[in-house]
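Naming convention: chains lettered A, B, ... in sequence-line order (proteins, then strands); numbering from 1 in each chain. Please read all numbers here as calculations on a predicted model, not as lab measurements.
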Amino acid sequence: MNKALQTLVDRGFVKACTDYDALSDLMNAGPVTFYVGADPTGKSLHIGHMVPFFAMHHLQNAGHNPIALVGGGTAMIGDPSGKTEMRRMLTVEQIKKNCASIKEQLGTVVDFSEHPEGGKGKAVALNNADWLNGLNYITFLREIGKHFSVNRMLTFESYKQRLERGLSFIEFNYQLLQSYDFYILNRDHGCRLQIGGDDQWGNIVSGIELIRKLGGPECYGLTFNLITRSDGHKMGKSEKGAVFLDPELFSPYDFYQYWRNVNDADVVRFLKLFTFLPLEEIAQYEREDVNINEAKDRLAYEQTKIIHGEEEAEKARTAAKAMFNGANLGLVGREGMPSLVIGKQELETGIGVLDLFSRTDLAATNSDARRLVAGGGAWIGDRRVDNPKTLIDSSYLDEYGELILRAGKKRYFRIIVE
RNA sequence: GGAGAGGUUCCCGAGUGGCCAAAGGGGGCAGACUGUAAAUCUGUUGGUUAUACCUUCGAAGGUUCGAAUCCUUCUCUCUCCA
């Protein structure tokens, strides 16, 4: 099998392919242009969205040419695949904004530079709004719609499910539009392969069929496993909500912690999928005598480095070590920690614990803070605060003239006094 | 257009006049145990200037001493019929 294709299989990406042998031959014959779509339904992608793009990275490194397609046009509609509910409609301005920020985020794993080095393929980012928004309904029906059989579409699993819950007509059209995307990318960019999550199988196959019917070359589809966590939680969901790539929405420190806390059973699998470490290197973490926590630290560090850069990864790691390993790294260790600045004056007067905690991320409201304190989970430095009426003043400052607030064992917050 | 079912707190889902800030489960948070893991057990889970008060059961009115519960109108979803 083709080496790059084999890499994806070995790393645990691949779920299914329309034709392994033919695709392998095609990839052996030279660089293949391929694409994956991303829907700009939000301002930021979360890590669950990233699986196909990590795969894209590996294929680009092997010399193939990626097209990252942002669905500025299809986002107007909403994809019913794998969802039981109708997606809410977004405004045109929102979609535009989302497209721009998503393109930027993809740059963390895909090299969009003009002249990529080291034998990499040339990557481009396109927006299907460019060809979808101007479509004429009647023309589209005549030229594209006639190739689709409703009977056949209804046999797809994704539609079957939705038929029970209700499916709007425009969502039903999604498959036609995605197929048309593939057709356009093939016609204008020589794209021969579409990759994507397993839920995209039906849409991908339809695209291949459309291209064939319109006289294009044989194209291929490659789908990836839906990544799940061994505890059954959805990938990319944390107690704080989705694990977004945008540091504004999900801090690099929390991001690091998310990976640092994955289940034992997931570590090696995630190292293969979500880092670029060579498989030989990952293999050493599978050995029984290796401390699993080292593997988790490596996973967290590598993943944070890819998404947020080396500096942030270092900060997050240092902060984590300072907090959990008891290493007294001084102020340096606190840099990656979420923080808040309060006035010196205010502290000297004294601040109620509840007030203080509710102003941080540790408690959402006063009541929330009250529960935390009453439950014995509120700490300042190494002092447990269990009386909600406690007044926090400068006597609580540590040797650096700061307060380190803690909720439970894992959530820290730094109060800087000025 | 006609007939019926329904919209409850983060989610699912009980509740058909006061004992309802609303059972139960899930999820979350905290405590215990641990390895910053999993599993398990316990507590907690609308807000506030907090043994009380305020806001919440699709929306707006009404009946009542008192409404998530009864009535009216509106609205949305689903099912069946044409």
Q: Quick one: look up who rU51(B) pairs with, Watson-Crick or G-U, both distances under 3.5 Å, and put none if it's unpaired.
A: none
(Q) By nearest atom, which of the nucleotides rG47(B), rA32(B), rA30(B) is closest to the R384(A) side chain? (A) rA32(B)
Q: Rounded off to whole Å, could you give me the OH-to-P distance for the Y258(A) and rG28(B) pair?
A: 11 Å
Q. Expressed in whole Å, how much space separates the C1' atoms belonging to rC11(B) and rA82(B)?
A. 38 Å
Q. rG46(B) C1' sits how many Å from R371(A) CZ, rounded?
A. 8 Å
Q.
Using Watson-Crick or G-U wobble geometry with both distances under 3.5 Å, which nucleotide pairs with rC57(B)?
A. none
**Q.** Nearest heavy-atom neighbours spanning Q303(A) and F54(A)
**A.** NE2-CZ, 3.6 Å
Q: Provide the Watson-Crick or G-U wobble partner of rA67(B), both distances under 3.5 Å; none if there is no partner.
A: none
Q. If we take the P atom in both rG6(B) and rC71(B), what is their distance in whole Å?
A. 13 Å
Q. Quantified in whole Å, what is the P atom distance between nucleotide rG18(B) and nucleotide rA67(B)?
A. 11 Å
Q: Could you tell me the separation between the CG atom of D264(A) and the C1' atom of rG35(B), rounded to a whole number of Å?
A: 8 Å
Q) Do K409(A) and rU34(B) have a side chain to base donor-acceptor pair shorter than 3.5 Å? A) yes
(Q) Under a 3.5 Å cut-off for both contacts, is rC20(B) paired Watson-Crick or G-U wobble with anything, and if yes, with which nucleotide? (A) none
(Q) Suppose you measure atom C1' in rC10(B) against the same atom in rU56(B); what distance do you get, rounded to whole Å? (A) 14 Å
Q.
Can you check the distance between rG24(B) and rA32(B), where both ends of the measurement are the P atom (answer in whole Å)?
A. 25 Å
**Q.** Under 4.0 angstrom between T365(A) side-chain N/O and rG46(B) OP1 or OP2
**A.** no
Q) Between D361(A) and Y412(A), do the side chains contain an N or O donor and an N or O acceptor separated by less than 3.5 Å? A) no
Q: Report which part of the nucleic acid A378(A) touches: base, sugar-phosphate, or nothing (heavy-atom distance under 4.0 Å, all strands).
A: nothing
Q | Separation of the C1' atoms in rG58(B) and rU75(B), to the nearest angstrom | A | 8 Å
Q: Let me know the distance between CZ of R370(A) and C1' of rG46(B), rounded to the nearest Å.
A: 14 Å
Q. Atom CZ of R260(A) to atom P of rA37(B): distance rounded to whole Å?
A. 8 Å
Q: With P as the reference atom in both, quote the distance from rU9(B) to rA60(B) in angstrom, rounded to an integer.
A: 15 Å
Q. Rounding to a whole Å, what distance do you find between K410(A):NZ and rA37(B):P?
A. 4 Å
(Q) If you count every heavy atom of other residues, nucleotides or ligands that lies below 6.0 Å from Q284(A) atom CD, does the total exceed 12? (A) yes
Q) Ring centres of W259(A) and Y301(A) under 6.0 Å apart? A) no
Q.
Can you give me the closest heavy-atom contact between F148(A) and I144(A), atom names plus distance?
A. CD1-O, 3.4 Å
Q | For rG6(B), the Watson-Crick or wobble counterpart (both distances under 3.5 Å) | A | rC76(B)
Q. Which whole number of Å gives the distance between the P atom of rG17(B) and that of rG61(B)?
A. 25 Å
Q. What do you reckon, is NZ of K15(A) surrounded by more than 12 foreign heavy atoms closer than 6.0 Å?
A. no
Q | Integer-rounded Å distance: rG28(B) P and N261(A) CG | A | 13 Å
(Q) I want to verify a distance call: between rA30(B), rU36(B), rG35(B), whose nearest atom is closest to the R411(A) side chain? (A) rA30(B)
(Q) Taking CD in E104(A) as the centre, count heavy atoms belonging to other residues, nucleotides or ligands within less than 6.0 Å. Is the count above 12? (A) no
Q) When you match Q257(A) and G408(A) each to their closest nucleotide on RNA chain B, which lands nearer the 5' end? A) G408(A)
**Q.** Counterpart base for rA30(B), defined by Watson-Crick or G-U wobble contacts under 3.5 Å
**A.** rU42(B)
Q. Once you round it to whole Å, what is the distance between P of rG28(B) and CG of D254(A)?
A. 16 Å
Q: Report yes or no: is there a donor-acceptor pair, N or O only, under 3.5 Å between the side chain of N366(A) and the base of rG47(B)?
A: no
